[in-house]
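Here's the structure, in structure tokens; my notes come after.
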Amino acid sequence: MNNKPLTELTIKEAKEGLRERKFSSVELVKECLDQIKRHDKKLNAFITVCEKEALEQARLSDEKIKNGDRSPLLGIPIAIKDIFLTKGIKTTAASRVLDNYVPQYDATVVAKLKNAGAVIVGKTNCDAWAHGSSGENSDFGPTRNPWNTEYVPGGSSSGSAVSVASNMCIAATGTDTGGSIRLPASFCNVVGLKPTYGRVSRYGIIAMASSLDSIGHFTKTVEDSALILNITAGKDRFDATTPQVKVPDYTVLNSKKKLKIGIPKEYIEGADNEIRITFNKALKVLSELGHEIVDVSLPHTEYAIPCYYVIQPSEVSSNLARYDGIRFGSKRDTFGDEAKRRIMLGTFTLSSGYYDAYYKTAMRVRTLISKDFDEVYKKVDAVIAPVSPTLPWKLGEKTNDPLKMYLSDILTATVNLAGIPGLTVPIGFEKGLPIGMQILGPQFSEEILFQIGSAYESETQFYKQKPNL
Amino acid sequence: MKIDVKHVAKLANLKIKDSEIEKFEKQLSEVLAHIDKLKKTETKNVLETSQVTGLESITREDKADSARILSQEEALSNTKNTENGFFKVKGVIQSE
């Protein structure tokens with residue numbers, strides 16, 4: 001192992017180092033906690049840091065490693081987005097409504113990660129209730145982009161993306177309902193996976209929009225991402241929307257198959273020039289790797305935001321009805337402005353006299369958007385597109401204009417409406433700010449995404465670049 | 001299209017200050033104006049999508065699953081409004 005700081009290791013490298021006793025889990029976790037102490041005042045990626053619990057878990061992990069335990073994440077420091085319930089650890093959804101809520105049980109994904117030996121270093125900041133695309137809607141202050149702290153890191157899984165990008169942990173969980181993993185991953189130069197809807201259990205994760213929420217994660221490399229999916233994927237008897245689909249070994253990445261990749265013209269047309277230039281460079285690399293690049297069309301893309309911003313707020317208004325201050329949390333007047341906006345929008349679109357014109361119509365348009373992908377996947381193996389039409393924007397730039405903020409989801413929301421998976425991989429920088437691309441496949445095609453992503457990543461190695469903290 | 005914020009807030013059990021009604025009205029109207037784009041789509045014979053898994057009628061045995069039951073103490077642990085092991089709420093039915 002070379003002399004790079006332990007915090008810069010990938011999961012793969014950390015596992016090797018722990019197994020070969022080059023360092024201990026306590027040393028690794030302690031360095032992550034020190035990194036948090038050094039930089040989190042500025043970046044604000046964490047709401048809760050579990051220093052005591054993490055060091056105790058690390059100590060126990062070192063014992064297990066000594067005894068030959070080979071659990072896949074044993075001793076590895078990870079962070080959990082603060083909408084995942086963690087038993088005994090405060091879980092706030094980044095909202096003052098829940099600022100004293102201590103869950104009585106773990107989310108299925110949290111239990112799985114703990115079972116695999118992961119050490120939880122803390123709960124990450126996010127847009128409150130996962131409502132946001134920039135990380136600025138948190139009731140605990142905005143999170144900053146580590147590549148330039150005057151810029152947004154993307155949201156809603158802002159803290160999780162930043163914690164991995166700034167080496168405060170080696171992996172972090174997130175959720176993606178309209179782009180909330182893919183956008184911050186692309187803004188922070190990390191790998192972000194939004195699995196197929198239903199691939200990973202939603203049990204114990206504070207619900208935003210139940211037909212759209214996808215449970216995923218951030219890592220430094222594609223290989224690490226596959227490793228985590230091996231652990232989190234699978235049917236859960238506590239989540240009736242997880243189908244019985246076999247979980248393959250996603251880390252098997254050595255398929256040399258040449259694939260046909262579709263580039264949807266609607267996703268390029270609206271993108272800024274600097275995005276297009278970098279994206280074209282990425283396509284050139286994919287071409288050189290042997291894949292066939294063709295133009296495709298997803299004609300209903302322009303209806304994605306109208307459709308998403310009817311269905312999602314409708315489901316939000318229903319899911320947030322449970323926060324009545326009776327069994328947990330504060331009263332409803334504690335909700336922030338964005339939560340109130342979405343609850344009201346959703347209540348309106350579901351209300352008598354407006355249901356048909358808005359909600360029912362949106363559900364039909366959802367079918368059209370899904371069918372667009374079905375048609376395209378008859379011709380290509382995967383679709384690749386930019387994640388954001390623009391570079392990350394400055395903090396405060398869109399906060400006074402809710403519609404402008406919603407339009408940030410213009411290239412990501414279609415994926416949630418169709419329920420398909422998307423892997424975001426870094427493709428470079430412009431003006432010092434990261435850019436990512438999203439690799440999209442049919443439902444349950446995560447293996448293809450990992451295959452394309454890992455070959456691209458080996459060729460370009462953007463993950464080796466670190467922000468100047 | 002203008003949203004009647006007062007009416008919708010009442011339906012949603014949200015208290016909106018009078019001083020904020022105009023702000024929310026403006027913001028929500030702008031969003032609705034964009035959403036009205038949906039009217040341009042041809043959806044006459046299109047079926048609605050409520051969910052993308054294709055799953056139907058997922059059931060389980062009607063047996064208490066101890067793995068997802070909270071004890072009374074656990075269930076009450078996140079509020080101070082309790083009495084005799086119950087959640088305490090404002091009176092709903094006024095007795096004579």
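Every chain is numbered from 1 and lettered A, B, ... according to where its sequence line falls, protein lines coming before strand lines. Only this structure's heavy atoms are used, side chains among them; waters, hydrogens and symmetry mates stay out. It should be emphasised that the depicted structure is a prediction, and the values quoted were computed from it without experimental measurement.
- Only the backbone of B:Lys44 comes within contact range of chain A, with at least one heavy atom under 4.5 Å from a heavy atom of that chain.
- Listed options A:Ser211, A:Pro402, A:Gly198 were ranked by heavy-atom pairs under 4.5 angstrom with chain B; first place goes to A:Pro402.
- By number of non-hydrogen pairs under 4.5 angstrom with chain B, the leading residue of A:Arg332, A:Gln244, A:Arg237 is A:Arg332.
- Counting heavy-atom neighbours within 6.0 Å of B:Lys6 NZ, excluding the residue itself, gives a total of 12 or less.
- Atoms CD1 and OG1, from A:Ile420 and A:Thr196 in turn, are 8.5 Å apart once rounded to the nearest 0.5 Å.
- Comparing B:Val8, B:Leu38, B:Leu47 by how many heavy-atom pairs each has under 4.5 Å with chain A, the most go to B:Leu38.
- For A:Phe335, the ring-ring contact (aromatic ring centres under 6.0 Å, His included) test picks out A:Trp129, with sequence neighbours left out.
- Under the 30°/60° scheme for interplanar angles, the aromatic rings of A:His300 and A:Tyr303 are found to be tilted.
- By number of non-hydrogen pairs under 4.5 angstrom with chain B, the leading residue of A:Tyr406, A:Tyr358, A:Tyr203, A:Tyr308 is A:Tyr358.
- Interface remark: B:Ala75 contributes backbone atoms only to the contact with chain A (heavy atom separation under 4.5 Å).
- Atom OG of A:Ser95 is separated from atom OH of A:Tyr101 by 13.5 Å, given to the nearest 0.5 angstrom.
- Proximity of A:Lys123 to A:Lys90: side-chain heavy atoms (C-beta onward) are nowhere separated by under 4.5 Å.
- Comparing A:Val102, A:Leu407, A:Thr361 by heavy-atom pairs within less than 4.5 Å of chain B, the highest count is held by A:Val102.
- For chain B, the nearby parts of A:Thr367 are the backbone and the side chain; heavy atoms of each come within less than 4.5 Å.
- Proximity to chain A (any heavy atom under 4.5 Å) is restricted, for B:Glu42, to the backbone atoms N, CA, C and O.
- Under the 4.0 Å criterion applied to side-chain N and carboxylate O atoms, A:Asp374 and A:Lys371 are not assigned as salt-bridge partners.
- With salt bridges taken as basic N to acidic carboxylate O contacts below 4.0 Å, none links A:Lys194 and A:Asp176.
- Note on A:Asp337 versus B:Lys23: salt bridge recorded, some NZ/NE/NH1/NH2 to OD/OE distance being below 4.0 Å.
- Within residues 9-19 of chain B, the residues having any heavy atom under 4.5 Å from a heavy atom of chain A are, by residue number, B:Ala9, B:Leu11, B:Ala12, B:Asn13, B:Leu14, B:Lys15, B:Ile16.
- Residue with the most contacts toward chain A among B:Ser50, B:Gly54, B:Ser71: B:Ser50 (heavy-atom pairs, distance under 4.5 Å).
- Applying the 6.0 Å contact sphere to CZ of A:Phe238 captures more than 12 heavy atoms from other residues, nucleotides or ligands.
- Of the listed residues (B:Thr43, B:Ile58, B:Asp36, B:Thr53), the greatest number of heavy-atom pairs within a distance under 4.5 Å of chain A belongs to B:Thr43.
- Of the two parts of B:Asp65, only the side chain, counted from C-beta on, holds a non-hydrogen atom closer than 4.5 Å to a non-hydrogen atom of chain A.
- Scanning residues 78-91 of chain B against chain A with a 4.5 Å non-hydrogen threshold yields B:Asn78, B:Thr79, B:Phe87, B:Val89, sorted by number.
- Within the 4.5 angstrom heavy-atom criterion, only backbone atoms of A:Ala418 (N, CA, C, O) approach chain B.
- By the salt bridge (charged side-chain N to carboxylate O under 4.0 Å, His left out) test, B:Glu56 pairs with no residue at all, sequence neighbours left out.
- With no hydrogens or angles considered, no side-chain donor-acceptor pair links A:Lys398 and A:Ser134 at under 3.5 Å.
- Ion pairing between a basic and an acidic side chain is recognised when a charged N comes within 4.0 Å of a carboxylate O; A:Glu338 and A:Arg342 show such pairing.
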Problem set entry | Stepwise salt bridge (charged side-chain N to carboxylate O under 4.0 Å, His left out) check, A:Arg202 with A:Asp236 | CA-CA 9 Å; A:Arg202 291 178 299 111; A:Asp236 180 19; over 6 Å; no
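- No donor-acceptor pair under 3.5 Å is formed between the side chain of A:Asp106 and the backbone N or O of A:Ala111.
- Only the backbone of A:Leu417 comes within less than 4.5 Å of a heavy atom of chain B; no side-chain atom from C-beta onward does.
- Using modelled atom types and a 3.5 Å distance limit, the side chains of A:Thr175 and A:Asp213 yield no donor-acceptor pair.
- Of the listed residues B:Gln27, B:Lys39, B:Glu48, the one with more heavy-atom pairs under 4.5 angstrom with chain A than any other is B:Glu48.
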For this session: Using the side chain to side chain contact (heavy atoms under 4.5 Å, CB included) rule, take A:Tyr197 and A:Thr241 through it: C-alpha gap first, then chi angles, then the decisive distance, then the call.
Result: CA-CA 8 Å; A:Tyr197 176 86; A:Thr241 61; 3.7 Å; yes
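- Within the 4.5 angstrom heavy-atom criterion, atoms from both the backbone and the side chain of A:Ala240 approach chain B.
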